[in-house]
Amino acid sequence: MSDDIPSPASDPPGSTHFGFRTVAEDEKVGLVRGVFDSVAGRYDLMNDLMSAGIHRLWKTALMDWLHPRPGQHLLDVAGGTGDIAFRFLERARPRDATAEHPPVPARVTVCDINWNMLGVGRDRAIDRGILGGIDWVCGDAEALPVPSGSVDAYTIAFGLRNVTHIDLALAEARRVLKPGGRFICLEFSHVAVPVLDKLYDTYSFQVLPRLGRWVAKDEESYRYLAESIRRFPPQGELVERMRAVGFDQVKYRNLTGGIAAMHSGWRL
């Protein structure tokens with residue numbers, strides 16, 4: 001990472017970061033909502049541009065690690081477009097049910113702070129013929145409208161870096177999990193491979209905003225998204241912050257040389 005990228009620790013009291021800008025804490029939610037209002041209808045395109053299309057493989061890796069099972073209840077946060085929810089329901093579909101052992105369907109609660117993103121997800125579910133098994137809820141990752149100890153698994157994909165207080169969001173994740181429940185975060189992270197990090201910086205700050213302008217007609221949102229990745233905690237720091245709120249057996253896996261990473265923890 002470039003030395004001139006500011007550290008999150010440098011934010012003055014009462015302020016936080018929005019990309020490389022310092023803003024008041026109570027401003028960030030509205031600013032982030034504005035970004036995703038802008039890109040909601042092009043969210044798949046956004047992820048394709050951000051990851052060169054590899055985000056689909058990363059989401060498959062998340063499902064492989066989570067190993068969904070029939071009867072489980074997943075809370076997917078910041079998942080308004082339904083990408084994770086659809087994959088989870090497909091993986092958790094009962095396949096060996098009999099009359100004596102009827103199927104126990106899995107279910108998903110999708111919680112997103114952005115109504116536009118939730119609207120995209122509901123439309124996609126209808127287009128796929130998915131008319132049940134998913135509840136769509138508008139809510140904040142730092143104050144989830146979900147009872148304590150009520151879900152078997154919690155996922156958040158490409159959303160944790162956009163919250164104002166990461167530690168509050170992590171604590172909320174642990175609160176809503178049942179004992180034995182699992183948390184997995186998939187997020188753009190810090191490249192761990194020499195040379196690849198320089199190439200990725202060039203792509204993020206020179207190519208990606210131009211693609212945002214040419215393809216999505218929105219250069220500034222894509223510039224923020226690139227900046228927000230660089231302000232996100234490195235892999236080892238996020239491990240320690242997960243442990244600090246009470247998660248056990250915390251570990252991470254780098255994907256594509258650290259361009260993305262998955263972090264896993266359990267509530268025991």
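Every residue two or more places apart in sequence or in another chain that forms a side-chain contact (heavy atoms from CB on, under 4.5 Å) with Pro70 is listed here: Pro94. For Arg223, the side chain to side chain donor-acceptor pair (under 3.5 Å) test picks out Glu219, with sequence neighbours left out. In terms of the salt bridge (charged side-chain N to carboxylate O under 4.0 Å, His left out) criterion, residue partners of Arg243 (sequence neighbours excluded) are, by chain and number, Glu240. Qualifying salt bridge (charged side-chain N to carboxylate O under 4.0 Å, His left out) partners for Arg128, counting only residues two or more places apart in sequence or in other chains: none. Considering only residues two or more places apart in sequence or on other chains, Leu199 meets the side-chain contact (heavy atoms from CB on, under 4.5 Å) condition with Val195. Not counting sequence neighbours, the partners of Ala261 by the side-chain contact (heavy atoms from CB on, under 4.5 Å) test are Ser189, Gln235, Asn254, His263. Looking at residues two or more places apart in sequence or on another chain, you find a side chain to side chain donor-acceptor pair (under 3.5 Å) between Arg91 and Asp64. Among residues two or more places apart in sequence or in another chain, the side chain to side chain donor-acceptor pair (under 3.5 Å) test is passed with Arg93 by Glu90. Residues meeting the salt bridge (charged side-chain N to carboxylate O under 4.0 Å, His left out) test with Lys178, sequence neighbours left out: Asp152.
For Gly79 against Asp112, the heavy-atom pair with the smallest separation is N-OD2, 3.5 Å. In terms of heavy-atom proximity, Arg175 sits nearest to Ser148 at NH1-OG, 2.9 Å. In terms of heavy-atom proximity, Ser204 sits nearest to Leu208 at O-CB, 3.4 Å. Among all heavy-atom pairs drawn from Val163 and Ala169, the shortest one is CG2-CB, 4.2 Å. Leu160 and Cys185 make their closest contact through CD2-SG, 3.9 Å (heavy atoms, listed as atom of the first residue, atom of the second, distance). The two residues Ala92 and Ala106 come nearest to each other via the heavy atoms CB-CB, 3.5 Å.
For residues 156-181, every residue pair satisfying the ring-ring contact (aromatic ring centres under 6.0 Å, His included) rule, not counting sequence neighbours, is listed here: Phe158-Phe188. Sorted pairs that involve residues 108-145 and meet ring-ring contact (aromatic ring centres under 6.0 Å, His included), not counting sequence neighbours, are lacking altogether. Applying the salt bridge (Lys or Arg N to Asp or Glu O under 4.0 Å) test to every pair with at least one member in residues 51-62, sequence neighbours left out, gives these pairs: Asp48-Arg56, Lys59-Asp83.
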Yes or no on side chain to side chain contact (heavy atoms under 4.5 Å, CB included) for Leu66 and Thr155, after CA distance, side-chain angles and deciding distance? CA-CA 9 Å; Leu66 182 61; Thr155 53; 4.0 Å; yes

Would Val77 and Leu75 count as a side chain to side chain contact (heavy atoms under 4.5 Å, CB included) here? Give the steps. CA-CA 6 Å; Val77 176; Leu75 173 64; 3.8 Å; yes

What's the verdict on side chain to side chain contact (heavy atoms under 4.5 Å, CB included) for Leu186 and His55, showing C-alpha distance, side-chain angles and the deciding distance? CA-CA 10 Å; Leu186 168 62; His55 69 97; over 6 Å; no

Let me see the working for Asp135 and Val108 under side chain to side chain contact (heavy atoms under 4.5 Å, CB included), right down to the final yes or no. CA-CA 6 Å; Asp135 295 317; Val108 183; over 6 Å; no

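Judged by distance alone, the side chain of Arg213 and the main-chain N or O of Pro209 form no donor-acceptor pair under 3.5 Å. Checking side-chain atoms of Arg241 against main-chain N and O of Ile166 turns up no donor-acceptor pair under 3.5 Å. No side-chain donor-acceptor contact under 3.5 Å links Arg161 to the backbone of Ser228. In this structure a side-chain-to-backbone donor-acceptor pair under 3.5 Å is missing from Gln72 to Arg107. Of the possible donor and acceptor atoms, none in the side chain of Glu187 sits under 3.5 Å from a partner among the backbone N and O of Ala260.
A distance of 11.5 Å separates CD1 of Ile84 from CG of Leu89, quoted to the nearest 0.5 Å. Here CZ of Arg210 is found 13.0 Å from CZ of Phe205. Values are rounded to the nearest 0.5 Å. Taking CD1 of Ile259 as the start and CG of Asp197 as the end, the distance is 10.0 Å to the nearest 0.5 Å. The distance from atom CG of Asp76 to atom CZ of Phe86, rounded to the nearest 0.5 Å, is 10.5 Å. To the nearest 0.5 Å, atom CG of residue Asp140 and atom CG of residue Leu168 are 9.5 Å apart. Taken from OG1 in Thr81 to CG in Asn116, the straight-line distance is 12.5 Å, to the nearest 0.5 Å.
Side chains of His73 and Thr109: a donor on one and an acceptor on the other come within 3.5 Å. Under the 3.5 Å distance criterion, with hydrogens and angles disregarded, no donor-acceptor pair is assigned to the side chains of Arg253 and Ser264.
In this structure, Val137 is not a member of the same hydrophobic cluster as Tyr154, with clusters built from ILVMFWY side-chain heavy atoms closer than 4.5 Å. The hydrophobic cluster containing Leu268 does not contain Val239, counting ILVMFWY residues as joined when their side-chain heavy atoms lie under 4.5 angstrom apart, directly or transitively.
Taking the ring axis of Trp266 as reference, the NZ or CZ atom of Arg174 does not stay both within 45° of it and closer than 6.0 Å to the ring centre.
Side-chain contact check for Trp65 versus Met262: some heavy-atom pair is nearer than 4.5 Å. For the pair Thr164 and Glu142, the minimum side-chain heavy-atom distance is below 4.5 Å.
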